[in-house]
Amino acid sequence: MRTIQVPASRNYTVWVDGGLLSQAGIMIRALCPDGIRVAVVTDSNVGPLFADRLQEVLRAEGFVPSVFTFSAGEAAKSGETYLALLEYLAQMRLTRSDVMVALGGGVTGDLTGFAAATYLRGIACVQIPTSLLAMVDSSVGGKTAINLKAGKNLAGVFYQPSMVVCDVDVLRTLPQEDFADGVAEIIKYGMLKSVALLDQLMVRDLREDPTEVIAQCISIKRDVVERDEFDTGERQLLNLGHTIGHAIEGCSGYQISHGRAVAIGMAMITRGAVKAGFCPSTCLTRLEELLARYNLPSHCGFTAEELLPFALGDKKRSGDTLTLVIPTGIGVCKLHSIPVEELGQWIAWGLES
Ligand SMILES: NC(=O)c1ccc[n+]([C@@H]2O[C@H](COP(=O)([O-])OP(=O)(O)OC[C@H]3O[C@@H](n4cnc5c(N)ncnc54)[C@H](O)[C@@H]3O)[C@@H](O)[C@H]2O)c1
């Protein structure tokens, strides 16, 4: 078992091991001694696989669980689903001593976290991530959000979970493509902070034994969140590949998954960094090799004109400037502010071969 303490505006523990779903009832009872109701939020793929087992272990601890299921996919991370979830919580008469549980991937985690932050001005939220991406990234750090028609994650708050339970056994049912999406975020951590992590990705069989790598990524994120919880400086580095990645997701009408879009976004910004003279070409070669090893794309079929309006709507824009995260070497990146009118050039560089 790996345990990682996250010191933030709320301190909490992240547990990583096999078999933890069966322990979740006991763990949640220890967290909420007076809780009665548990609202489990899950999607239409994950619910049928794991919601019954979770309800069973919650009942064994004297909780009254209920399950809110939404249609799987990024499109459900919307205002409509969010409001339907709030109405559901009110109907279930959840109180502030009760708890919500996000059982699913990053979409479930972001949506549930936002609802937990705003229902009754905040109730406890436990994250039980079931996708690799959610384990290594979205379940930790307290960013919660829904998408607006104008763009990704445009409505949300910082709201730390009360506990994160990563049961690596649930990854066995995760489709290969969704697993690769999680690897894209792991590559991001390696590109940002750890050559050793990138080396492991070239030799380890992640599907066979993911615990160690998941714990390493969470530790990297914990350290960054501890220093900059509210994203005013260093935490922005975790957006490597995301400005262009979010534009790709938006341009595709969310048909291209978040992980794949981030993979392409990282490759495009690294190409730009090489062209602009910030980064050696060996860094791009290494990144492209890794992406190819995990069947992740490094190019997209959109034009700069198509991507630019979506990229300009990005949250990292501030007035007339935008902060890009650019690699300066393998395992090292920096924040680089540009006037917004230069963004088109960076996208064009990224699209070159
Ligand atoms: N809050 C953050 O800090 C943060 C960080 C990174 C990404 N995100 C967000 O996370 C989302 C992407 O997360 P995701 O890739 O997990 O997407 P997702 O939640 O849509 O999950 C991907 C797919 O895998 C399925 N699935 C999940 N676990 C499964 C399992 N164990 N077995 C079978 N199927 C399973 C889901 O039903 C879905 O079809 C995006 O919305 C992104 O913006 C948030």
Side-chain angles (χ1 to χ4, degrees), residues 6 8 20-21 41-51 53-54 69-78 81-82 102-114 116-117 125 127-148 151-161 164 166-186 188-189 207 210 217-218 221-222 224-225 229-231 235-236 238-243 245-246 248-250 254-263 265 296 314-315:
V6 183
L20 289 180
L21 196 57
V41 181
T42 190
D43 75 20
S44 51
N45 294 333
V46 176
L49 294 169
F50 305 117
R53 198 164 0 137
L54 180 58
T69 308
F70 64 89
S71 232
E74 184 73 31
K77 214 172 101 174
S78 65
T81 319
Y82 166 70
L103 176 71
V107 167
T108 306
D110 281 8
L111 172 72
T112 310
F114 189 39
C125 179
Q127 293 277 347
I128 305 186
T130 64
S131 70
L132 181 62
L133 185 145
M135 289 187 192
V136 297
D137 199 353
S138 59
S139 62
V140 177
K143 280 192 182 178
T144 74
I146 55 170
N147 304 326
L148 300 182
K152 275 275 292 188
N153 296 336
L154 290 184
V157 292
F158 289 96
Y159 190 72
Q160 300 294 339
V164 182
C166 301
D167 180 348
V168 296
D169 290 346
V170 305
L171 294 175
R172 289 196 195 120
T173 55
L174 187 68
Q176 191 54 40
E177 288 223 327
D178 297 304
F179 193 89
D181 283 337
V183 177
E185 297 280 11
I186 298 175
K188 177 191 82 177
Y189 285 112
R207 278 221 92 133
C217 293
I218 296 170
K221 184 158 189 183
R222 182 267 319 271
V224 173
V225 168
E229 178 176 355
F230 297 107
D231 214 3
R235 188 169 182 175
Q236 293 174 33
L238 299 180
N239 292 321
L240 174 63
H242 282 61
T243 297
H246 285 166
I248 292 168
E249 281 185 88
Y254 297 110
Q255 294 307 301
I256 297 180
S257 66
H258 180 74
R260 279 174 168 63
V262 167
L296 286 162
D314 196 86
K315 290 193 299 311

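When reading the values below, keep in mind they use all heavy atoms of this one structure, side chains included, and skip hydrogens, waters and symmetry mates. When a ligand or atom number is given, it counts from 1 through the structure's own listing order.
- Every residue meeting the side chain to side chain contact (heavy atoms under 4.5 Å, CB included) condition with Thr108, not counting sequence neighbours, appears here in chain and number order: Val41, Asp43, Phe70, Ala102, Thr112.
- Rounding to the nearest 0.5 Å places CG of Leu133 at 9.5 Å from OG of Ser139.
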Next on the checklist: Please determine whether salt bridge (charged side-chain N to carboxylate O under 4.0 Å, His left out) holds for the pair Asp110 and Lys143, giving the CA-CA distance in whole Å, both sets of side-chain angles, and the decisive distance to 0.1 Å.
Outcome noted: CA-CA 7 Å; Asp110 281 8; Lys143 280 192 182 178; over 6 Å; no
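- The residues lining ligand 1, counting any heavy atom closer than 4.0 Å, are Asp43, Asn45, Val46, Leu49, Phe50, Ala72, Glu74, Lys77, Gly105, Gly106, Val107, Asp110, Thr130, Ser131, Leu133, Asp137, Ser138, Lys143, Lys152, Asn153, Val170, Thr173, Leu174, Pro175, Asp178, Glu185, Lys221, His258.
- Residues satisfying the side-chain hydrogen bond (donor to acceptor under 3.5 Å, both in side chains) test with Arg207, not counting sequence neighbours, are Gln176.
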Checklist entry - Can you list the steps and then say if Val140 with Arg222 is a side-chain contact (heavy atoms from CB on, under 4.5 Å)? => result CA-CA 8 Å; Val140 177; Arg222 182 267 319 271; 5.5 Å; no
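- With sequence neighbours excluded, the residues that form a ring pair (Phe, Tyr, Trp, His ring centres under 6.0 Å) with Phe230 are Phe158.
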